[in-house]
Amino acid sequence: MSNNKEEIRIGVYICHCGHNIAGAVDVVGVAEYAAKLPNVVISKDYKYMCSDPGQELIAADIKEYNLNRIVVTSCSPLLHEKTFREATTKAGLNQYFMQMVNIRENVSWVNENFDDATEKSKDLVRAAVQRVAFQRALEKQKVPVNPNVLIVGGGIAGISAALTMANAGKKVYLVEKESTIGGHMAIFDKTFPTLDCAACILTPKMSSVKNHPNITLWTYSEVSNVEGFVGNYKVQVTRKPRYVIEDLCVGCMLCVEKCIFKEGKFPDEFNQGLSKRKPVYVPFPQATPLVAVIDDKTCIHFKTGKCTQTCKTACDRNAIDFDQKPEIKEIEVGTVLLTTGFQAFDAKKVPYYGYGKYPNVFTSLEVERMVNASGPTEGHVLTREGKAPKSVGIIHCVGSRDEKTHKWCSRVCCMYSLKLAHLIKEHTGADVYNFYIDMRTPGKGYEEFYDKLLHEDVHFIRGRVSEVTDWITSPEEEGKLIIRAEDTMIGMVRRIPVDMVVLAVGMEPRDDAQEIRKMFNISCSTEGFFLERHPKLAPVNTFTDGVFIAGACQGPRDIPDSVAQAGAAAAEALVLIDSGHVELEPNTAYIVDEICSGCKSCLNICPYKAITFDLEKNKSSINVALCKGCGTCVAACPSSAIKQNLFEDVEIFSEIKGIFVE
Amino acid sequence: MQEEVKNNNIQTAKAWKPKILAIFCNWCTYTASDLAGVSRLKYPATTRVVRIMCSGRLDPQFILTAFSEGADAILIGGCHPGDCHYATGNYKCLRRFHLIQKYMKQMNIEPERLRLEWISASEGKRLAEVIGEMTETITKLGQSKIKQQVANIEK
Ligand code: FES
């Protein structure tokens, strides 16, 4: 809706982006071409448009040439639209008079033919010049931000973020799927490179979470529905029945003791199946909350209905309730932090390493439990036969850096393998062999730790292991597992007989990552980890405002990095909360009353029920607070009575025409 | 008329290459396009992207206008079913896509000239592949005559 009387004066700015654009597009040619387009008053090319001098250049021109429309031809608007809008505002022009043309991600980085890329850039600039003439001044809408925050996932990242936000005085809802918080870190024995005990540094934080007045902790719970948008989310959390009333249970374990199963019978998940638990159990002594849980898949009562319920009678607090049903909690929050973590690679997927086939092939997580003093073997590293191994082989990169499984490096396996090598040596005195592809130890004190191990008489063999087998070729190999690997240092294949094999499994996205991604309307990268807004500059933001990510759900990372990210995500959320409001893009739809014929075809089309029908006026109307600006109703209106700010018909049509019409 | 012939000659002299209008939704396919760039994937310079917030904003008129202005083909990109940032916009887009297809059939426009693809934010590679394929198909099919025909009708 350009004002007829207003003279359109456009400035076009072509960015070289160093060589990024200028190397693949004739930027000077594009600038010269743009100068001749209708309404263009000035056209310039510059090395880095987004730099301070670049922005100042635009601002100065706006004043000097009286410009009222700006076209910045550079990178993706998803990256720098904000920057150039701000530059426009600073010069006193409404920010929506600026239009960006993406000739980096969409042209120079992907198109190889210089002439074609230049042609394409000219077409795109022409389209933008035609579009921008119709752009209107708009104001962002302000909506208040609910100060409460939801954190999904109670591993170390979620715990850290929850404490930070709660200490800042915000109300935190921490939702954890398992019956206790702690995540993977609770499973570990020691942490690298300091070798401090994982439980000793983690459990105090877990109890702080439990006792914090600002934190509501819901374990054994899952988010089941999310509605709303940044600043105002309505979330439904389903609390699964644990058949033990949380408020009554004190974790005395009497029910576990008195269960009709005298001994544990089912694989204990926390101990990686190395020990057995009963149907009623507490995952580990420091579980938080310290509340028993009854597994309805194994409990006799749920399977046959014929249990004498000795656990129930044993509980003098009457905490056991077999009739517990899933409970739905509805909460309202303004921001969401996703800290859902990772899952360990399933070693069975690489059958040539023999996990599941040879009893003495273990995963690294199993060994973590074994070396732990309160673990299933009370801190003894033992083969399945119960003997201390004389020789142990640790295979690095299982499910990492491998075309057949996952291409990425899991970042933690080298370091934890070194840690396990040290611990196994310490516990058993065995010969320990590390089979590695490259030793990756970037991190504070990490290389030093590696160096220490080199002096601890641990063997290092550089090369990928081809297989683990029990196929022996000499009597000395009797009863051993043979690790066959290429030793690239000496250029030959070696056979190392060992009593125990440890597979250093990598990190992968959780099976439920896709479900969570959909629920919170965010994206995943190709590997399946949650996608950050920008890999360097917005690593904890997502493309959905108000939803932040931290920890291994975003990609493989270790504890220090997860904690650092959790802090960053908490800070981002606090910024939103403390500013009190968010500014929303004004790309909402509106109805031109005079044109609306009252046909009602828009009513059912809106996914947000933002359109209502005014019976008196016989016209539809849009509730701006509910409209999210998808534009679906705009395209559906047969009389073109619905318009969308920022994406007006006239703007899109002139852009399309601009592409083709010279 | 004279001038038009001349223009046409210049066009062919320059060795015609297809021009494809690409209409991408902001959240998935436009992001995929950025990803293709960041990953430095290579594809022919035949597309010109117009960004809309959601494929549900797609107005059949966009397509018809583009054809009559000289587009050789049109590629519409949106989020996978179930993944639309606005819940169901892509279903509305799909419905309209079928409608336009019918219309194109009546108008005798080759169906290959319009393509709808669900490409998620992580599928930069897929995006590059689709553009590559489409360029090949349209190059074989040749320049669209719709613009010419429309001009003739208008005369
Ligand atoms: S946002 Fe991508 S199709 Fe709706």
Side-chain angles (χ1 to χ4, degrees), chain A residues 75-79 102 104-113 115-121 123-124 127 131 517-518 521-528 531 535 543-544 585 587 605-608 628-636 640 644 646-647 649 652-653 655-661, chain B residues 17 19 21-23 25-28 30-31 33-63 65-66 68-71 79 82-89 92-93 96 120-125 127-128 131 147:
Chain A
C75 50
S76 169
L78 302 186
L79 183 67
N102 178 355
R104 193 178 73 172
E105 285 82 347
N106 274 349
V107 182
S108 68
W109 276 352
V110 287
N111 300 145
E112 284 170 307
N113 181 313
D115 292 340
D116 287 355
T118 305
E119 250 348 270
K120 179 171 169 184
S121 304
D123 286 353
L124 291 171
R131 183 194 210 273
R517 171 187 78 76
K518 282 193 185 165
N521 220 330
I522 61 168
S523 302
C524 282
S525 52
T526 330
E527 318 82 63
L531 185 67
F543 284 101
T544 302
E585 275 285 276
N587 57 352
I605 239 170
C606 176
Y608 306 104
K628 290 200 204 163
C630 61
T632 305
C633 58
V634 187
S640 302
Q644 184 186 12
L646 279 177
F647 295 89
D649 274 347
I652 299 176
F653 280 118
E655 189 176 351
I656 294 176
K657 284 185 190 158
I659 288 172
F660 297 103
V661 187
Chain B
K17 282 184 188 163
K19 248 194 212 185
L21 172 68
I23 304 180
C25 88
N26 182 66
W27 302 99
C28 280
Y30 194 85
T31 313
S33 178
D34 268 8
L35 177 66
V38 175
S39 324
R40 309 295 199 278
L41 303 176
K42 299 297 173 211
Y43 56 81
T46 46
T47 47
R48 311 285 185 267
V49 181
V50 166
R51 179 171 63 113
I52 50 181
M53 291 313 283
C54 172
S55 69
R57 175 69 180 89
L58 181 90
D59 186 330
Q61 279 294 336
F62 296 165
I63 310 292
T65 306
S68 60
E69 297 294 353
C79 313
D83 280 2
C84 169
H85 196 77
Y86 307 96
T88 52
K92 312 281 160 40
C93 170
R96 291 174 202 147
S120 80
S122 62
E123 295 175 313
K125 201 166 151 234
L127 180 107
I131 295 176
K147 183 177 181 177

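Please read all numbers here as calculations on a predicted model, not as lab measurements. Throughout, a chain's letter reflects where its sequence line sits, starting with A, and its residues are numbered from 1. These numbers come from the heavy atoms of this one structure, side chains and all, not from hydrogens, waters or symmetry mates.
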> So which of B:Ala22, B:Gly89, B:Cys79, B:Ala66 has the biggest tally of heavy-atom pairs under 4.5 Å with chain A?
Replying inline: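 Winner by heavy-atom pair count: B:Ala66.
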>> Using a 4.5 angstrom heavy-atom cutoff, name the option from B:Thr65, B:Ile23, B:Thr46, B:Thr88 with the most pairs to chain A.
In response: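 Most heavy-atom pairs within the cutoff with chain A belong to B:Thr65.
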> Is B:Lys125 atom NZ crowded by more than 12 heavy atoms from other residues, nucleotides or ligands, each under 6.0 Å away?
Replying inline: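 12 or below, so no.
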Heavy-atom contact with chain B under 4.5 Å, split by part of [X]:
| X | answer |
| --- | --- |
| A:Ala127 | neither |
| A:Leu79 | neither |
| A:Arg131 | neither |
| A:Cys630 | both |
| A:Phe647 | both |
| A:Thr526 | both |
| A:Asn587 | side chain |
| A:Glu585 | neither |
| A:Ile652 | side chain |

Gap between atom [atom2] of [Y] and atom [atom1] of [X] - 0.5 Å precision:
| X | Y | atom1 | atom2 | result |
| --- | --- | --- | --- | --- |
| B:Trp27 | A:Phe543 | CH2 | CZ | 8.5 Å |
| B:Arg48 | A:Glu655 | CZ | CD | 12.5 Å |
| B:Ile52 | A:Gln644 | CD1 | CD | 9.0 Å |
| A:Arg517 | B:Ser120 | CZ | OG | 7.0 Å |

Tell me, do [X] and [Y] make a side-chain contact under 4.5 Å, heavy atoms counted?
| X | Y | answer |
| --- | --- | --- |
| A:Leu124 | B:Val49 | no |
| B:Lys19 | A:Asp123 | yes |
| A:Ser76 | B:Tyr30 | yes |
| B:Gln61 | A:Ile656 | no |
| A:Val634 | B:Asp59 | no |
| A:Phe660 | B:Leu21 | yes |
| B:Asn26 | A:Leu78 | yes |

Atom of [X], atom of [Y] and distance for their closest heavy-atom approach:
| X | Y | value |
| --- | --- | --- |
| B:Gly82 | A:Lys518 | O-CD, 4.2 Å |
| B:His85 | A:Asn521 | O-ND2, 3.0 Å |
| A:Tyr608 | B:Tyr86 | OH-CA, 2.9 Å |
| A:Leu531 | B:Ala121 | CD2-CB, 4.2 Å |
| A:Asp116 | B:Ala45 | CB-CB, 3.7 Å |
| A:Pro607 | B:Ala87 | CB-CB, 4.3 Å |

For the backbone of [Y] and the side chain of [X], can you confirm whether one donor and one acceptor N or O come within less than 3.5 Å of each other?
| X | Y | value |
| --- | --- | --- |
| B:Asp34 | A:Glu105 | no |
| A:Asn111 | B:Tyr43 | yes |
| B:Lys92 | A:Ala635 | no |

>> A:Asp649: which residues meet the side-chain hydrogen bond (donor to acceptor under 3.5 Å, both in side chains) condition with it, sequence neighbours left out?
In response: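 Per chain and number, A:Asp649 pairs via side-chain hydrogen bond (donor to acceptor under 3.5 Å, both in side chains) with B:Arg57.
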Side chain, backbone, both or neither: which part of [X] has an atom under 4.5 Å from a heavy atom of chain A?
| X | answer |
| --- | --- |
| B:Arg96 | side chain |
| B:Glu123 | neither |
| B:Ser55 | neither |
| B:Ser33 | both |
| B:Cys28 | neither |
| B:Ser39 | neither |
| B:Leu58 | backbone |

> Looking at A:Leu646, A:Ile522, A:Val107, A:Asn102, which one has more heavy-atom pairs under 4.5 Å with chain B than the rest?
Replying inline: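 Going by pairs under 4.5 Å, I would pick A:Asn102.
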